[in-house]
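Since the structure comes first, as structure tokens, the remarks are kept for the end.
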Protein chains: 2
Amino acid sequence: MGRNRATLADVARRAGLSKTAASMVLNGREGTRLSADAHQRVFAAAEELGYRPNVAARSLRTRKTATIAFVSDIVATTRFAGGLIRGALDAARERDHVLLITETQGDATFEQYAIEAMLDRQVDGVIYAAMATRRLTVPPAILGGPVVLLNATSSDDLPCVLPDDDRAGRSVAAVLLEHGHRDGIALIGRNRLKEGDPEVSLAAEARLNGIREALGEAGVTLLAESFCTEWLPEHGYAATRGLLNRSPRPSAIICMNDRLAFGAYQALGEAGLTVPDDISVISFDDDPIAAWLRPGLATTALPHEQMGRRAVELLLDGAPTGNALVPMPLRRRRSLAPPAG
Amino acid sequence: MGRNRATLADVARRAGLSKTAASMVLNGREGTRLSADAHQRVFAAAEELGYRPNVAARSLRTRKTATIAFVSDIVATTRFAGGLIRGALDAARERDHVLLITETQGDATFEQYAIEAMLDRQVDGVIYAAMATRRLTVPPAILGGPVVLLNATSSDDLPCVLPDDDRAGRSVAAVLLEHGHRDGIALIGRNRLKEGDPEVSLAAEARLNGIREALGEAGVTLLAESFCTEWLPEHGYAATRGLLNRSPRPSAIICMNDRLAFGAYQALGEAGLTVPDDISVISFDDDPIAAWLRPGLATTALPHEQMGRRAVELLLDGAPTGNALVPMPLRRRRSLAPPAG
DNA sequence: GGTGGTCGCTAAACTGATTTAGCAGAGCAT
DNA sequence: ATGCTCTGCTAAATCAGTTTAGCGACCACC
């Protein structure tokens, strides 16, 4: 890999100057008194030789590697990771940086190992990401340098990037009100664990609050709230069947995420009900399935790409404010209609 | 990030030996004549100081970085990437290596940039991955060092890791035959572009061949074959509606991937047909939705994690044979039953 | 005519590891 | 006593950059 590359010494020789001069020119150092001609010659020589600096040599001296560690609990291998990584990758590229990605899989030993591997490589900073939006404990080892939390907060006072679940909750409620739903709104996906323990989830509570506030301001309360042990299709399915056994039937269902909504669609389909004519459905996340469902599922998108991007920006450009709440855009799809009858 | 770490010189001083001795001991060099006592003292000193070698310094000298570049067209940000990356991550960790991940997004400029960034960092090897199993052209720049293609082949003679789509096709056909389907088997997802152009897909042709061969050996031919411009749910939906308008109705549907099968489920549900009592469905990929569908969708799993792992193994442990065809395990789920009637 | 300052540039130190070449002392044979 | 080998260890070079300290030439000024 990359033998016989031109070195700075080669460039300097070709330009008829010292390594010092070549280094200064190529780094665009201010305040140096090298002549315009010298600049010319160095640039030309570098160009002709296809010179690229050796990062190892440079970072040995400068302790900078133009490398960011992207450490996650498990995020890198889930469908949710894609956007986070892509956004981070893009922003890193724009800043001439590169991403060293590791996964701890929630295992303390792996985490220890991963972090040492990163620190050994002198990364310029660490993005510590979580799969589920939650509070976590940052391993002290990484606190020696810049850290940004992605999709997470911690008790340490670190800059972090979070989706604005509260506002998403409000907009979900708002769009239902806008369609004329009031007394028939049911919620699927209540979960005491997720709502009560910030180390498990921050999204659940925030979404719920947003929904309740927006409805409350309109003088509306939820018709029903179904609890689910997990937010998977089968739980949405079961919860929906439960709702349909009750009377009156809801006119709209809010699901705490798209997978629950997928389960809801399945139950509604089996019950012979049509979305949105019989029941409107809306949810959170904008999982790819939301667009694949028939009719398309209205939802609020987790802005993963934006979030990944923000994290790199906060890390490299400095975090003036600290936290960043990234808005979750509403995706209007055909699962919404005014209440039947 | 990681200031005031102990250096090798610190360790040597504390052990009362030279840097040379310390280096040799810590690297477990054979044939050195250092005393057992010297070994002891070095290890103790390293331990006490929490010594960790500076990777930049080491790789400046050795030209090894214990870092692998994972370059992909777009794989890193799709739902399919997860497994590939996780497998590679795991195998890399086992070998004390770390992954530098980049995405070219199919853009030549980005690719150029990404590859230079990797080479500047003296990666020990490159894993070049594609999202869709296909033939691609490897940028010449990376041919200077070890390269393994992941989910791809090329005209260069490089080791590559591919899913065994042909055998997957055979096992899909076999399991239908095993359930007693013969004359009622329809196929959804024919696509001349994917089948004909290896730069677009290798999977389509291989799956099709596998299916045809296994059916052919049993003296069975397909009842119908539907063409789809893409392999997305909406195309599976349309194709399935088309099939249902024909007579006789198929007893089983093979879909070229799970997203098509999702569309098929939607169409079957709307038509009031039940899987698997009226029609069996089986497909390829083992996308997460396969398990979420009701009933669970039988499919053959793309062994992404295995593949990512194999790629690292081939890269670091040497590729004795060259290519690796990774088996696609059959996931038996409730979408299969004997033909009705 | 010395002194001071600026200009344009360079030698050498430095980063922290690996690796080559070789030294001092012990033991042994001649 | 001399030469030889073996043992146990080290000094110094090396990798490819960045950075510090400073050199010689030239000019201006008093």
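Small disclaimer: the values here were computed from a predicted structure and weren't measured. Just so we're on the same page: letters track the sequence lines, and every chain starts at 1.
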Fill in: Range on DNA chain C touched by chain A - first to last nucleotide, heavy-atom distance under 4.0 Å
dC7(C) to dG16(C)
Item to complete: Indicate, with a heavy-atom threshold strictly under 4.0 Å, whether Ser23(A) touches base, sugar-phosphate, or nothing.
Response: base
Item to complete: Write down the distance between CZ (Arg121(B)) and P (dA16(D)), rounded to a whole number of angstrom.
Response: 17 Å
Worksheet item: For Thr62(A), which contact category applies under a 4.0 Å heavy-atom criterion: base, sugar-phosphate, or nothing?
Response: sugar-phosphate
Fill in: Cation-pi geometry met for Arg93(B) and Phe110(A) (6.0 Å, 45°)
yes
Worksheet item: Under 6.0 Å from the CD atom of Glu48(B), do we count more than 12 heavy atoms belonging to anything else shown?
Response: yes
Worksheet item: Any side-chain heavy atom of Leu315(B) within less than 4.5 Å of one from Val126(B)?
Response: no
Practice prompt. Give Thr7(B) one of three labels, base, sugar-phosphate or nothing, depending on what nucleic acid heavy atoms sit under 4.0 Å from its own.
Written response: sugar-phosphate
Worksheet item: To the nearest angstrom, how far is Leu8(A) atom CG from dC15(D) atom P?
Response: 14 Å
Worksheet item: Can you tell which of Leu143(B), Val148(B), Thr153(B), Asn323(B) makes a side chain to side chain contact (heavy atoms under 4.5 Å, CB included) with Leu158(B)?
Response: Leu143(B)
Fill in: Under-4.0 Å side-chain N/O to phosphate OP1/OP2 contact, Arg29(A) with dT18(D)
no
Item to complete: Measure from CZ on Arg63(A) to C1' on dT18(D) and round the result to the nearest Å.
Response: 13 Å
Worksheet item: Can you tell me how far P of dT18(D) sits from NZ of Lys19(A), to the nearest Å?
Response: 9 Å
Item to complete: Please state how far atom CE in Met24(A) lies from atom P in dT18(D), giving the value in whole angstrom units.
Response: 10 Å
Worksheet item: Whole Å only: how far is the CG atom of Asp10(A) from the P atom of dC15(D)?
Response: 11 Å
Item to complete: Evaluate whether atom CG of Asp157(B) has more than 12 neighbouring non-hydrogen atoms of other residues, nucleotides or ligands under 6.0 angstrom away.
Response: no
Worksheet item: Does a donor on one side chain and an acceptor on the other come within less than 3.5 Å for Asn151(A) and Thr133(A)?
Response: yes
Fill in: Interatomic distance, Leu17(B) CG vs dA11(D) P [rounded to whole Å]
11 Å
Practice prompt. Return yes when atom CD of Glu94(B) has more than 12 non-hydrogen atoms of other residues, nucleotides or ligands closer than 6.0 Å, and no otherwise.
Written response: yes
Worksheet item: Would one find a side-chain N or O of Arg58(A) under 4.0 angstrom from OP1 or OP2 of dT18(D)?
Response: yes
Practice prompt. Answer with yes or no whether the side chains of Asp96(A) and Tyr113(B) bring together a donor and an acceptor at under 3.5 Å.
Written response: yes
Discussion item. With the threshold set at under 4.0 Å for non-hydrogen atoms, list the residues of residues 33-42 of chain A touching DNA chain D in residue-number order.
Written reply: none
Worksheet, complete the sentence: Rounded to whole Å, CG of Leu60(B) lies from C1' of dA13(D) at a distance of 13 Å
Practice prompt. Measure the shortest side-chain to side-chain distance between Leu316(B) and Ile68(B) over non-hydrogen atoms and say whether it is less than 4.5 angstrom.
Written response: yes
